[in-house]
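Structure first, commentary second.
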Amino acid sequence: MGVTKEDVEAAVAAALSPTHLVVTDTSGGCGASYEIEVVSDKFEGKRLLERHRMVNTALAPLMAEIHAVSIKALTPAQAQPKSEPAAADKAQA
């Protein structure tokens, strides 16, 4: 059996202590392709490439069996929903 969603979640969680983590198996169940959305304080001050490297490093022991990984790596501030303009601003428009 290949890598499971739980394997990926455990590896990322152990390395990055995320505040939000969603792992989706996009391979149809064979464990060869994943989408990962991760929010971690450890990404603060890091460029996007550095964040992706951090996730890939966490997955290194599993990568021999994973064909593709799509990563969305955000800081907690970036993960906050964008606020809508205040009601007063809308009334003036």
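Fair warning: this is a prediction, and the values are worked out from it, not measured in the lab.
- Distance NE2/H52 to OG/S70: 8.0 Å, rounded to 0.5 Å.
- Residue T19 holds its OG1 atom at 12.0 Å from NZ of K42, rounded to the nearest 0.5 Å.
- More than 12 heavy atoms of other residues, nucleotides or ligands lie within 6.0 Å of NE2 in H20, so this atom counts as buried by the packing criterion.
- Counting all heavy atoms, side chain and backbone alike, G45 lies closest to E50 at O-OE1, 4.5 Å.
- When all heavy atoms of A79 and V39 are compared, the closest pair comes out as CB-CG2, 3.6 Å.
- Under the 3.5 Å distance criterion, the side-chain polar atoms of T26 are matched with a main-chain donor or acceptor of S33.
- Counting only residues at least two apart or on different chains, the salt bridge (charged side-chain N to carboxylate O under 4.0 Å, His left out) pairs with a member in residues 3-15 are K5-E9.
- Tested against Y34, the residues L62, L59, D25 include a single side chain to side chain contact (heavy atoms under 4.5 Å, CB included) partner, D25.
- Rounding to the nearest 0.5 Å places NZ of K72 at 13.5 Å from CD1 of I36.
- Judged by distance alone, with hydrogens and angles left aside, the side-chain atoms of R51 form a donor-acceptor pair with the main-chain N or O of K46 at under 3.5 Å.
- A continuous path of ILVMFWY side-chain contacts below 4.5 Å connects M54 to M63, so both sit in one hydrophobic cluster.
- Taking both residues in full, the closest heavy atoms of A58 and A15 are given as CB-CB, 3.5 Å, listed atom of the first, atom of the second, then distance.
- Nearest approach of S40 to P76, heavy atoms of both residues: O-CD, 3.5 Å.
- Residues V8 and V69 share a single hydrophobic cluster, defined by chaining ILVMFWY side chains whose heavy atoms lie under 4.5 Å apart.
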